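Everything numeric in this text was worked out from a predicted model, so none of it was measured. Count residues from 1 along the sequence.
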Amino acid sequence: MPANEDAPSLDWATAWMCVTFTRDLTAEEVFTRYGADPSRSRLLDADQASELPTGQLADGAVSLLRSGSLGDWTFCIEEDGVIGSWPEPLAALSRGTETYSVLTTEGLDVFQHWRDGECVENFEPGMPPTGPTGPWRDRVETALAAHEGEGAGMAPVVALVLGHLGISLDDDAVAGPWPSLTLSEDDAPSAPRGHTYAGEGPVPPQSPTGN
């Protein structure tokens with residue numbers, strides 16, 4: 001995104017990543033709903049966390065999760081994985097609350113909004129809708145169109161969600177120390193089923209290095 005004094009830098013949201021925002025949960029509860037053991041988390045900054053083994057390992061795809069609370073919302077940024085865009089983790093995350101999920105990969109971008117275990121909106125920007133849509137679709141498309149050709153990834157959408165939630169999570173904040181751990185896809189609530197699920201829209205690829 002273009003740098004100016006009014007726009008925080010969100011370079012972390014321009015490349016392969018998945019981020020969720022869930023209301024009224026702690027970081028420990030978020031890790032648990034992802035299928036991770038929160039007792040394994042350590043307070044690590046971005047450089048320290050990057051040294052944890054992730055990607056396509058001998059035991060399967062492994063994601064790096066970093067989570068923290070900002071006001072009433074708890075984020076979970078996922079690197080080297082897409083677990084936070086799967087229906088089962090999102091259903092678990094949003095149970096009794098609500099969750100926003102933003103995914104960007106080399107070949108697929110997805111926005112989702114879940115409430116109390118149900119998908120409210122799920123769509124791939126720029127593509128014909130295949131799942132439930134609502135007011136967020138127009139907002140997302142407008143935000144992305146304003147930065148077309150800038151290589152901004154889904155950063156404009158993350159900025160849109162952050163503004164809606166009334167919180168800030170810029171590059172400097174992400175670089176700081178947050179509870180961090182790794183999670184194997186096999187330990188998540190369930191793997192995605194095919195290319196679509198229950199009419200709820202696109203299902204992303206299993207991992208950045210998977211087939």
Side-chain angles (χ1 to χ4, degrees), residues 13 17-41 60-79 81-104 108-124 129-137 139-140 154 157-158 160-167 169 178-207:
M17 69 87 211
C18 185
V19 61
T20 60
F21 300 94
T22 304
R23 180 169 49 84
D24 293 337
L25 293 184
T26 66
E28 291 77 12
E29 290 171 323
V30 165
F31 282 148
T32 297
R33 296 192 186 197
Y34 265 82
D37 178 0
S39 68
R40 293 178 46 246
S41 70
V62 176
S63 298
L64 169 63
L65 304 182
R66 305 184 70 227
S67 184
S69 295
L70 300 167
D72 295 333
W73 295 85
T74 297
F75 70 87
C76 187
I77 297 174
E78 179 179 1
E79 299 178 17
V82 293
I83 295 170
S85 64
W86 291 357
E88 291 84 358
L90 286 172
L93 280 170
S94 65
R95 189 176 62 249
T97 182
E98 63 178 323
T99 300
Y100 292 91
S101 171
V102 180
L103 169 76
T104 182
L108 183 66
D109 299 327
V110 180
F111 174 90
Q112 299 185 67
H113 180 205
W114 287 65
R115 184 181 295 117
D116 199 17
E118 299 291 333
C119 183
V120 180
E121 290 191 63
N122 182 355
F123 58 87
E124 185 178 354
T130 57
T133 61
W136 278 96
R137 184 175 179 85
R139 298 174 194 168
V140 166
M154 288 289 271
V157 180
V158 172
L160 187 68
V161 174
L162 290 170
H164 175 75
L165 303 183
I167 58 178
L169 188 60
W178 297 103
S180 307
L181 52 72
T182 57
L183 175 65
S184 168
E185 287 186 353
D186 291 339
D187 293 330
S190 181
R193 299 182 293 273
H195 297 294
T196 60
Y197 54 93
E200 291 171 352
V203 172
Q206 290 194 4
S207 72

Do Tyr34 and Leu93 pass the side chain to side chain contact (heavy atoms under 4.5 Å, CB included) test, and can you show the C-alpha distance, the side-chain angles, and the key distance before you say yes or no? CA-CA 7 Å; Tyr34 265 82; Leu93 280 170; 3.7 Å; yes
By ring-ring contact (aromatic ring centres under 6.0 Å, His included) - contacts of Phe75 (at least two apart):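 Result, ring-ring contact (aromatic ring centres under 6.0 Å, His included) vs Phe75: Trp178.
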Let's go through Val120 and Trp136 carefully: what are the C-alpha distance in whole Å and the side-chain angles of both, what is the deciding distance for side chain to side chain contact (heavy atoms under 4.5 Å, CB included) to 0.1 Å, and is it a yes or a no? CA-CA 10 Å; Val120 180; Trp136 278 96; over 6 Å; no
Ignoring hydrogens and geometry beyond distance, is a side-chain donor-acceptor pair present between Ser94 and Thr99 at under 3.5 Å?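 The answer is no; no qualifying pair exists.
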Looking only at side-chain N and O atoms, does Thr74 offer a donor or acceptor that is under 3.5 Å from a partner on Ser69?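 There is such a pair between these side chains.
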To the nearest 0.5 Å, what is the distance between CZ on Phe21 and CG on Leu70?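 It comes to 8.0 Å.
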Treating Arg139 as the side-chain partner and Val161 as the backbone partner, does any N or O pair qualify as donor plus acceptor under 3.5 Å?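 Not a single qualifying donor-acceptor pair exists.
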Just by modelled atom types, is the Leu181 backbone N or O under 3.5 Å from a matching donor or acceptor in the Ser41 side chain?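 No.
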Enumerate the residue pairs fulfilling salt bridge (charged side-chain N to carboxylate O under 4.0 Å, His left out) with a member in residues 19-33, sequence neighbours excluded, ordered by first and then second residue.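 For residues 19-33: Arg23-Glu98.
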Worked check of side chain to side chain contact (heavy atoms under 4.5 Å, CB included) between Val157 and Asp109: CA-CA 10 Å; Val157 180; Asp109 299 327; over 6 Å; no
Are the side chains of Met154 and Val110 in touch, meaning some heavy atoms are under 4.5 Å apart?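 They are not in side-chain contact.
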Minimum side-chain heavy-atom gap Val140-Glu121 below 4.5 Å: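 Side-chain contact under 4.5 Å: no.
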Do Val30 and Ser67 pass the side chain to side chain contact (heavy atoms under 4.5 Å, CB included) test, and can you show the C-alpha distance, the side-chain angles, and the key distance before you say yes or no? CA-CA 8 Å; Val30 165; Ser67 184; 4.1 Å; yes
Does the plane of the ring in Tyr100 sit parallel, tilted or perpendicular to the ring in Phe111? Use 30° and 60° as the thresholds.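 Tilted.
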For Ser63, what residues pass the side chain to side chain contact (heavy atoms under 4.5 Å, CB included) criterion, not counting sequence neighbours?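 Checked Ser63 against side chain to side chain contact (heavy atoms under 4.5 Å, CB included); matches are Leu65, Glu78, Ile83.
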